[in-house]
Amino acid sequence: MQRTWTAPFAWVGRSAVETAAAFGRFGVFGARAGRAVADVATWGRMLVVQMARLGVASLPIALFIAAFTGIVLSLQASYTFTGTVPEYFVGTLVGKTVILELGPVLTGLALAGRVGANIAAELGTMRVTEQIDALETLGYDPVSYLVIPRVVAGVLMFPVVVACADAVGVAAGWVTALNLLDMSTPEFVRGLRLFFLPFDVQYSLVKAASFGFAVTAVGTHFGFHTAGGAEAVGRSTTQAVVVSSMLILVLDAFWAVALL
Amino acid sequence: MSIELRGIRKAFGPRVILEDVTLTVEEGETLAVIGYSGVGKSVLLKSIVRLLEPDAGTVLVDGQDVGLLPREQLLELRRRIGYVFQFAALFDSLSVFDNVALGLRRQGSMNEAAIATRVGESLRLVELEGFEERFPGQISGGQRKRVGLARAIATRPRYLLYDEPTTGLDPVTTAVIDRLILKLARELGVTSLVVTHDMKSAYRIATRIAMLDQGRIRFVGTPAEIQQSADPVVRGFIEGRPELAQEVA
């Protein structure tokens with residue numbers, strides 16, 4: 001009887017301790033990664049490969065999402081504005097929304113699935129098959145060899161992917177306006193330039209870099225600390241995707257408060 | 001020059017794996033550590049290179065206390081120790097050549113031509129010449145273990161630690177691996193610690209055999225001595241007769 005009413009409190013206590021421990025592990029991992037950054041000779045050699053894997057290989061999915069986002073935004077803007085707001089505001093809405101919000105956030109969420117899951121699964125498998133231990137026995141710091149190149153590649157390449165996604169999203173909106181909304185190019189461009197600020201692009205790229213950091217840091221953390229077998233690898237992968245997706249939304253709100 | 005374990009204790013949560021292990025691996029010998037599955041043999045091996053940190057006790061390698069070494073010195077010490085993993089732990093994305101060259105590249109003291117020569121020598125020692133361009137997914141389990149062995153010896157370490165080198169192999173491949181262990185000990189003069197539960201293997205390769213049981217070293221002696229042991233737990237294990245050990249329990 002006593003156990004029944006104390007059980008929820010015990011669960012809350014356990015959860016609090018586990019959460020605190022998880023933050024502690026991430027802190028220790030971050031400190032270790034901070035030290036490993038100095039080992040440029042190790043991670044520098046792996047960087048280009050990771051930039052290609054994380055960035056270049058992610059372009060197709062990012063551009064696919066951006067193109068359809070641009071099309072839908074253009075059509076929805078026209079639908080909303082009809083009869084009330086001049087049609088050229090379609091260009092304004094497409095430009096502002098893609099560059100400030102949907103380009104970086106949708107790309108970030110897609111890459112949280114693609115890149116974050118890939119990193120967590122790869123490092124998790126390396127952990128359970130003792131490949132990370134093998135690196136240690138060969139005299140390598142596995143954080144320098146595996147973690148730093150992925151995180152640096154994420155910070156450098158997410159903005160590149162998002163810049164391409166922004167461009168394709170706006171271009172898709174423009175092509176849609178031309179072909180389905182009977183707008184002319186000068187009309188669309190007029191709206192696009194109306195409230196455009198160069199800062200919008202900077203804002204988009206800063207967000208993208210922070211998303212790149214979050215996705216790769218979380219993916220490497222969960223992968224690196226995988227313990228067990230195949231099931232644990234699956235769990236780490238899921239956790240990496242969920243936590244990095246949540247972090248992207250939190251960071252999105254943070255940058256809006258901090259920079260806008 | 002030796003490996004010394006003094007009073008090693010290691011627990012995972014409430015489960016005590018190693019209670020009080022004291023053991024010395026003398027220079028030039030091949031010491032086999034035997035024991036039931038889950039008794040902590042691999043934990044013991046990992047404690048030597050600090051892949052796992054003991055809760056208590058001291059590990060000395062060449063007189064250096066492994067537990068007290070700063071990270072850089074620890075990495076330097078690990079380069080003197082070759083480690084052969086139970087399932088080889090090869091890097092899937094790297095060719096056999098690059099797997100074997102990995103430790104040499106880390107040392108930074110050899111150019112690519114010298115590394116290629118050393119990799120070739122190491123693969124020849126494990127009888128895998130011509131496998132340089134293959135990937136781990138393209139070779140058999142026994143060949144993977146031999147590549148793992150080549151990787152461990154490529155840096156010409158003073159010590160070799162083997163974690164279950166013959167587990168899961170057929171009898172013929174097991175004999176090949178045993179022969180390689182003996183050959184490496186003879187030709188490279190390395191000191192070896194082999195964790196195994198394969199008694200045939202242990203008799204073939206070991207100069208001494210230690211039995212780990214319930215977190216402690218229960219027996220240490222030559223292969224001839226262990227075969228004459230009167231201890232029922234030791235006899236039960238080496239003869240594959242669990243009823244002898246159960247009588248003691």
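Computed from a prediction, not measured in an experiment: that's the story for all the values here.
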| field | chain A neighbours within residues 94-124 of chain B, where any heavy atom lies under 4.5 Å away | value | B:L94, B:L102, B:G103, B:R105, B:R106
| note | Applied to residues 134-149 of chain B, the salt bridge (charged side-chain N to carboxylate O under 4.0 Å, His left out) test, sequence neighbours excluded, yields none
| query | Can you check whether A:L138 reaches B:R78 side chain to side chain, under 4.5 Å on heavy atoms? | reply | no
| Residue-level contacts of residues 80-90 of chain B with chain A, using a heavy-atom cutoff under 4.5 Å | B:I81, B:Y83, B:F85, B:Q86, B:A89, B:L90
| request: Show your reasoning for whether side-chain contact (heavy atoms from CB on, under 4.5 Å) applies to A:Q131 and B:D92. | output: CA-CA 9 Å; A:Q131 290 178 50; B:D92 310 325; 3.6 Å; yes
| query | For B:F12, does the CZ atom sit with more than 12 other heavy atoms under 6.0 Å from it, leaving out its own atoms? | reply | yes
| Charged N to carboxylate O under 4.0 angstrom, B:K46 versus A:E130? | yes
Under 3.5 Å, side-chain donor or acceptor atoms of residues 34-41 of chain A against the rest of the protein: list the pairs with distances, not counting sequence neighbours.
from	atom 1	to	atom 2	distance (Å)
A:D39	OD1	A:T42	OG1	3.1
A:D39	OD2	A:T42	OG1	2.9
A:D39	OD2	A:S144	OG	3.2

| Counting only heavy atoms not in A:E231, do more than 12 sit closer than 6.0 Å to its CD atom? | no
| remark: Note: vs chain A, highest number of non-hydrogen pairs under 4.5 angstrom among B:L77, B:L51, B:V49 is B:L51
| field | Between CG on residue B:L52 and CG on residue A:D133, distance to nearest 0.5 Å | value | 7.5 Å
| SB check A:E136 B:R79 (cutoff 4.0 Å) | no
| query | Roughly how far apart are B:L75 CG and A:T137 OG1, rounded to 0.5 Å? | reply | 10.5 Å
